[in-house]
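Remember, predicted model here, so these are calculated numbers, not experimental data. Each chain gets a letter, A, B and so on, in the order the sequences are listed, and its residues count up from 1.
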Amino acid sequence: MIDINLIRENPELVKENIKKKFQDKKLPLVDEVLELDRKKRALQQEGDGLRAQRNSLAKKIGSLMREGKADEAEEAKELSKKNNDRVAQIEQESAQIDAALKKAMSAIPNIIADDVPIGRDDSENVQGKVFLEPEEKPFEIPYHVDILEKLGGIDLDSARRTSGNGFYYLTGDVARLHSAVLAYARDFMIDKGFTYCIPPFMIRSEVVSGVMSFEEMEGMMYKIEGEDLYLIGTSEHSMIGRFMGRTLAEGELPLTLTSYSPCFRKEKGAHGIEERGIYRIHQFEKQEMIVICKPEESDMWYEKMWNYTAELFVSMEIPVRQLICCSGDLADLKYKSCDIEAWSPRQKKYFEVGSCSNLTDAQARRLGIRFYTTSWRNAKNEKTGKNEFAHTLNNTVAAPPRMLIAFLENHLQEDGSVYIPEVLRKYMGGKSKIEVKK
RNA sequence: GCAGAGAUGGCGGAGUGGUCGAACGCGCACGACUCGAAAUCGUGUUACGUAGGAAUACGUACGGGGGUUCGAAUCCCUCUCUCUGCGCCA
């Protein structure tokens with residue numbers, strides 16, 4: 001959600017931004033917002049005036065009663081009652097306008113960064129930096145489920161019976177590898193100075209509607225029957241929800257957090273669940289990073305954050321690249337975003353294993369995440385405080401089992417075993433490979 | 001889960017229908033005193049919205065939502081959370 005002042009002061013800029021994102025059908029929203037905003041303010045002024053009258057009448061009635069002038073008090077009561085009818089009417093009207101305004105405002109996309117490539121959809125995303133050149137494998141790389149089955153590491157049939165399609169049993173060394181990657185990713189981020197956090201895996205509807213739109217919620221979130229609780233789709237939901245409505249002290253920023261959680265997603269729409277495999281599933285686990293910082297620092301953190309993910313994959317000897325999200329493919333809340341994609345030697349192309357976004361103040365405005373700065377002077381040049389919206393960013397550190405696909409394909413040996421890079425061995429009991437199961 | 005008590009500003013804590021945006025204390029900011037500091041004294045100190053160049057004015061907010069009333073921190077309903085006791089559990 002962008003600042004309404006920006007629309008008031010510079011509607012052309014907001015319209016230009018909409019055009020850059022190829023959402024021209026949203027252009028009328030800008031004028032709609034201006035009109036609604038005018039009406040809202042007019043109503044507020046009228047309402048405030050009437051409420052001021054009500055307040056002074058109420059005080060007057062109070063003193064009249066004390067003086068024992070019951071007749072005059074009754075008169076004033078009548079007047080106040082009449083006044084209240086109009087107040088109620090105004091309240092109803094403003095509630096309608098507020099709802100319409102909120103709807104229009106949340107459909108207007110965040111202003112995108114100057115360096116976001118202009119493009120219509122994901123086909124126009126731009127390759128950024130490449131880390132580790134992919135090597136040609138001298139043998140055929142099988143589908144990841146076949147690799148996993150040879151290692152005795154997966155049981156999809158049982159998962160389908162117990163839970164349905166889109167779930168999995170990981171077993172033995174593969175399950176251990178899954179945990180090893182998460183533990184390594186966690187320690188990697190702790191070493192970068194991030195604070196490790198395990199958040200709630202269920203959140204209230206109030207928080208859900210804060211962090212996503214109704215449509216997103218329908219397509220993603222599992223609801224707990226008989227409770228006002230939803231399973232989180234990513235730890236970002238509970239991590240950001242943690243700061244809803246809070247004003248943080250300037251000294252607390254930047255908050256650099258790395259969180260672990262399982263993630264539950266319905267995966268309605270889009271491509272749905274594949275029949276075979278663990279690429280798109282209802283349940284996975286993720287190490288995430290979240291930064292809440294001052295506005296002037298968010299560009300810097302964005303660069304750091306996606307580079308951390310790239311560095312992590314490089315340390316596991318997996319070739320990755322940065323794919324810069326173009327204007328048309330950028331979600332409305334985002335200022336800038338890129339994916340980290342890992343190389344698939346089987347498909348001979350890159351596929352997404354993580355996504356880094358700078359939401360500037362758009363998410364913070366929606367959720368009321370502010371910070372208090374004391375380095376501000378008022379008109380009298382006295383030191384005083386000032387509240388501002390913080391900037392929020394999020395990025396995937398590692399999300400197995402999807403990222404295991406990249407791992408397995410890149411580290412598969414000709415004999416079917418899978419090589420374990422140095423950095424993970426201490427989490428694997430010293431093993432340097434996972435052997436084929438006899 | 002059951003029973004009782006409670007939720008007020010950055011913190012502690014008064015306030016049980018009108019004069020309450022809220023006593024008092026702590027903290028914080030500015031000033032005086034001082035070579036400087038501590039102590040002391042004085043002044044100021046909630047946020048958000050609207051109008052205004054600004055000073056300021058008005059409105060809203062006492063855990064969230066709803067209600068009663070001319071008027072609600074205060075009364076009623078409801079939800080959430082906290083404390084105490086019992087129960088249950090890893």
Side-chain angles (χ1 to χ4, degrees), chain A residues 1-9 33-102 105 198 200-210 224 226-230 238 241-253 361 364-390:
Chain A
M1 192 176 282
I2 63 168
D3 188 353
I4 193 154
N5 284 311
L6 186 67
I7 301 183
R8 283 180 198 156
E9 284 157 22
V33 163
L34 284 171
E35 184 53 29
L36 285 166
D37 182 48
R38 258 193 296 277
K39 278 189 196 161
K40 179 194 156 94
R41 283 190 285 174
L43 273 179
Q44 182 178 345
Q45 283 185 42
E46 189 187 349
D48 283 357
L50 288 171
R51 271 186 285 258
Q53 268 182 51
R54 171 167 77 189
N55 290 341
S56 64
L57 274 174
K59 276 185 188 166
K60 196 170 139 196
I61 293 167
S63 56
L64 286 172
M65 297 289 265
R66 248 172 289 123
E67 290 164 27
K69 297 177 182 167
D71 292 353
E72 281 181 56
E74 282 308 316
E75 245 173 73
K77 274 191 196 180
E78 281 309 307
L79 190 64
S80 191
K81 264 188 193 171
K82 226 188 278 174
N83 205 339
N84 275 350
D85 290 343
R86 177 61 188 151
V87 172
Q89 203 181 355
I90 286 172
E91 271 167 7
Q92 215 179 2
E93 275 176 56
S94 353
Q96 279 170 12
I97 287 175
D98 279 346
L101 198 57
K102 198 181 158 197
M105 282 297 288
I198 300 173
F201 303 153
M202 297 182 204
I203 49 176
R204 294 221 170 96
S205 56
E206 178 201 359
V207 181
V208 176
S209 53
I224 305 297
E227 305 275 341
D228 179 31
L229 286 172
Y230 290 80
S238 39
R242 182 179 174 197
F243 301 102
M244 262 173 90
R246 285 190 35 196
T247 303
L248 303 155
E250 189 177 19
E252 285 180 87
L253 301 182
D361 61 0
R365 180 170 294 106
R366 189 152 111 184
L367 298 176
I369 304 173
R370 297 163 205 267
F371 72 98
Y372 182 82
T373 167
T374 46
S375 50
W376 184 262
R377 289 184 177 270
N378 66 11
K380 291 176 192 158
N381 202 33
E382 290 164 335
K383 247 196 199 169
T384 177
K386 189 188 159 209
N387 284 342
E388 264 188 82
F389 287 111

> Who is the Watson-Crick or G-U wobble partner of B/A14, with both distances under 3.5 Å?
Replying inline: none

> Expressed as a whole number of Å, how far does the C1' atom of B/U74 sit from that of B/G21?
Replying inline: 15 Å

> Say you pick atom C1' in B/C28 and the same atom in B/G12; how far apart are they, in whole Å?
Replying inline: 15 Å

>> What's A/Arg8 touching, base or sugar-phosphate or nothing? Going by heavy atoms closer than 4.0 Å.
In response: sugar-phosphate

>> Distance check needed: B/A57 C1' versus A/Gln45 CD, whole Å only.
In response: 12 Å

>> Pairing check on B/G71: which nucleotide meets the Watson-Crick or G-U wobble criteria with it, both distances under 3.5 Å?
In response: none

> Can you check the A/Glu250 CD to B/C28 P distance for me, whole Å?
Replying inline: 17 Å

> Are OP1 or OP2 of B/U19 and a side-chain N or O of A/Lys59 less than 4.0 angstrom apart?
Replying inline: no

> With a non-hydrogen cut-off below 4.0 angstrom, is A/Ala52 in contact with a base, only sugar-phosphate, or nothing?
Replying inline: sugar-phosphate

> Hey, does A/Asp85 have a side-chain heavy atom less than 4.5 Å from the side chain of A/Gln89?
Replying inline: no

> Are A/Arg41 and B/G52 close enough that a side-chain N or O sits under 4.0 Å from OP1 or OP2?
Replying inline: no

Is there any protein nitrogen or oxygen under 3.5 Å from a nitrogen or oxygen in nucleotides 71-75 of chain B, and what are the pairs?
unit_1: B/G71; atom_1: OP1; unit_2: A/Asn84; atom_2: ND2; d: 3.1

Within the sub-3.5 Å range, which N or O atoms of nucleotides 62-67 of chain B have a protein N or O partner, and how far apart are they?
none

> With both distances kept under 3.5 Å, what pairs with B/G52, Watson-Crick or G-U wobble?
Replying inline: none

> Rounded to whole angstrom units, what separation is found between the CZ atom of A/Arg365 and the P atom of B/G49?
Replying inline: 10 Å

>> Checking base pairs now: Watson-Crick or wobble, both atom distances under 3.5 Å. What partners B/G21?
In response: none

> Is the closest side-chain heavy-atom distance between A/Val87 and A/Glu91 below 4.5 Å?
Replying inline: yes

>> From CG of A/Asn5 over to C1' of B/U50, roughly how many Å is that when rounded to an integer?
In response: 12 Å

>> Partner lookup for B/G44, please. Criteria are Watson-Crick or G-U wobble with both distances under 3.5 angstrom; report none if nothing qualifies.
In response: B/C28

> So what's B/G6 paired with, Watson-Crick or G-U wobble, going by both distances under 3.5 Å?
Replying inline: B/C81

> Sequence neighbours excluded, which residues qualify as side-chain hydrogen bond (donor to acceptor under 3.5 Å, both in side chains) partners of A/Ser205?
Replying inline: A/Asp228

> If pairing requires Watson-Crick or G-U wobble contacts with both distances under 3.5 Å, which nucleotide is the partner of B/C86?
Replying inline: B/G1

> Taking side chain as C-beta onward, heavy atoms only, is A/Ile7 less than 4.5 Å from A/Met105?
Replying inline: yes

>> If I take atom CZ in residue A/Arg204 and atom C1' in nucleotide B/C79, what distance separates them, rounded to the nearest angstrom?
In response: 9 Å

>> For B/U34, give the paired nucleotide (Watson-Crick: N1-N3 plus N6-O4 or O6-N4; G-U: N1-O2 and O6-N3; both under 3.5 Å), or none.
In response: none

> Considering only side-chain heavy atoms of A/Ile61, which listed nucleotide, B/G49, B/G59, B/G18, is closest?
Replying inline: B/G18

> Out of B/C48, B/U60, B/G49, which nucleotide sits closest to the side chain of A/Arg370?
Replying inline: B/C48

